[in-house]
Amino acid sequence: MERGPGSSIRVRVPAKINLHLGVGPRRPDGYHDVVSVLQTVGLHDTLELILDGDGHWAHPAARRRMRASLTLAGSEGEGTARGVPEGADNLVLVAARRLMAHLGIDGGPEGERTPQGHDGAASTDDGPWTRMRLTKRIPVAAGMAGGSADAAAALVGLNRLWGADLDVTTLRDVAALVGSDVPFCIEGGTALATGTGTSVARVLNGTTTYWVVGIDRSPLSTADVYAAFDTLAPPAPTSPDAVLHALRTGDLGELAHSLHNDLEPAAIALRPELAGRRDAMLDVGALGSLVSGSGPTVLGLARDAEDARRIAAAVADVFDVVEVAAAPAGGPEVTAQRTS
């Protein structure tokens, strides 16, 4: 379906956690094979997308001069998006370029910013512009796939804004060209990821879980954690079967016992205080606790929402920020749409 100039979309997208993360040794191409049970969790970023242009623009394939730009609104309650790339390397813009290439759109030079007209608005003299504005709440470089979630929001939002009408399978294929977690983030929910993380299968999940999310504002590089992992002579990836069984049956005790992250020793080697923060969750009654992905976020599994709030209050002084969130949280959600 076509959209006229001035159309806008707002997409709300959740973070990701790993309930199980098994990692194999480094491959010759530099990647690692993984076996991971993923869930979306209720911490969200918001991406607003606005199509500007003089005239009526047809299907994206005919918008030969389409350009895309990104501005950062800052973290909700923080006023800054510290640590988020602002240029062409931001995964939102990477996703936009990949989608443009798939649709046959000439996206212009990489990293080109929106030109300004005399009134400060985006100039449209050289064709239509899609302006995107990202508001961060998911912590940055924290093992929660914030960048991948934002890229998924861009693909879902641009598909709707541009009237491309691509199906979910095609969006996942484009997402796989952006990053390993992006295909999962297209739909969210609960899934098993294999290979380099781009092969995703839906998983039967019988329960809602509540998590205490302990956030460290100092980022931890995923590349650095994997490099540390490689030096630890890692074993073969562990099996996710116990986690998958716990999700099917809704057995919180089994789930707590089977939570696992092969990257946790590497993250702790780089940031030793993470071990104490993980243990602090357990000391105040969390059923289970682990480092999320490559860290430094630490997760604590609670019995229910009330228990999660109690644990969060008890560890508030251990972390920079503590959140309570439910999982699974679905996928990218279009929360507002306007067509002019």
Side-chain angles (χ1 to χ4, degrees), residues 12-21 37-46 74-83 135-146 149 188 190 205-220 243 246-247 250-261 263-264 267-268 271-330:
R12 186 170 175 259
V13 62
K16 175 225 71 175
I17 58 176
N18 298 82
L19 306 184
H20 174 93
L21 178 55
V37 180
L38 311 171
Q39 276 195 329
T40 46
V41 64
L43 293 177
H44 296 83
D45 284 351
T46 302
S75 301
E76 294 176 358
E78 281 287 314
T80 180
R82 182 176 56 188
T135 301
K136 292 293 296 178
R137 186 185 174 200
I138 302 171
V140 178
M144 300 191 77
T190 306
N205 175 43
T207 188
T208 297
T209 51
Y210 293 89
W211 298 88
V212 179
V213 183
I215 298 169
D216 183 339
R217 289 297 190 193
S218 298
L220 186 54
V243 166
L247 291 174
D251 187 331
L252 289 182
E254 182 182 7
L255 179 60
H257 181 72
S258 57
L259 294 172
H260 181 80
N261 179 6
L263 291 183
E264 185 175 81
I268 291 174
R271 198 75 65 82
E273 65 272 19
L274 294 180
R277 294 174 180 175
R278 178 198 59 199
D279 293 344
M281 292 274 197
L282 299 172
D283 290 344
V284 299
L287 295 175
S289 182
L290 79 168
V291 174
S292 179
S294 58
T297 300
V298 176
L299 304 172
L301 176 62
R303 290 171 176 80
D304 51 35
E306 182 179 356
D307 189 43
R309 290 189 291 269
R310 179 192 61 78
I311 294 169
V315 298
D317 60 348
V318 177
F319 299 94
D320 293 335
V321 177
V322 178
E323 301 269 10
V324 171

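Residues His260 and Val243 are not in side-chain contact: their nearest non-hydrogen atoms beyond the backbone lie 4.5 Å or more apart. Leu247 is listed as a side-chain neighbour of Leu19, based on a closest heavy-atom distance under 4.5 Å. Side-chain contact between Pro139 and Met144: present, with at least one pair of heavy atoms (C-beta onward) separated by less than 4.5 Å.
The shortest heavy-atom contact between Leu259 and Ser289 is CD1-N, 4.3 Å. Here the closest non-hydrogen pair linking Gly293 and Leu263 is O-CB, 3.8 Å. Considering every non-hydrogen atom in both Val41 and Trp211, the closest pair reads CG2-CD1, 4.4 Å. When all heavy atoms of Leu220 and Pro296 are compared, the pair lying nearest together is CB-CD, 3.5 Å. Shortest non-hydrogen contact noted between Ala141 and Pro219 is CB-CB, 3.3 Å. Taking every heavy atom of both residues into account, Ser218 and Arg271 meet most closely at O-NH1, 3.4 Å.
Pairs of residues two or more places apart, or lying in two chains, that qualify as side-chain hydrogen bond (donor to acceptor under 3.5 Å, both in side chains) and include a residue from residues 298-318 are Asp307-Arg310.
Taken to the nearest 0.5 Å, the OG1 atom of Thr209 stands 4.5 Å off from the CD atom of Gln39. Summarising the geometry, atom CZ belonging to Arg278 is positioned 4.5 Å from atom CD1 belonging to Ile268; distances are rounded to the nearest 0.5 Å. Between atom CD of residue Glu254 and atom CG of residue Leu287 there is a gap of 13.0 Å, rounded to the nearest 0.5 Å. A distance of 12.5 Å separates CZ in Arg12 from OG1 in Thr135, rounded to the nearest 0.5 Å. In this structure, NZ on Lys136 lies 10.5 Å from CG on Leu43, to the nearest 0.5 angstrom. For the atom pair CG of Leu252 and NE2 of His257, the computed distance is 14.5 Å after rounding to the nearest 0.5 Å.
Between the side chain of Asn18 and the backbone N or O of Leu21 there is no donor-acceptor pair closer than 3.5 Å. At least one donor-acceptor pair under 3.5 Å links the side chain of Asp320 to the backbone N or O of Arg217. No donor-acceptor distance shorter than 3.5 angstrom exists from the side chain of Asp251 to the backbone of Ala246, with no hydrogens or angles considered. When atom types are taken as modelled, the side chain of Ser292 and the backbone of Ile17 share no donor-acceptor pair closer than 3.5 angstrom.
Under the side chain to side chain contact (heavy atoms under 4.5 Å, CB included) rule, Val213 has a single partner from Ile138, Leu299, Val298, which is Leu299.
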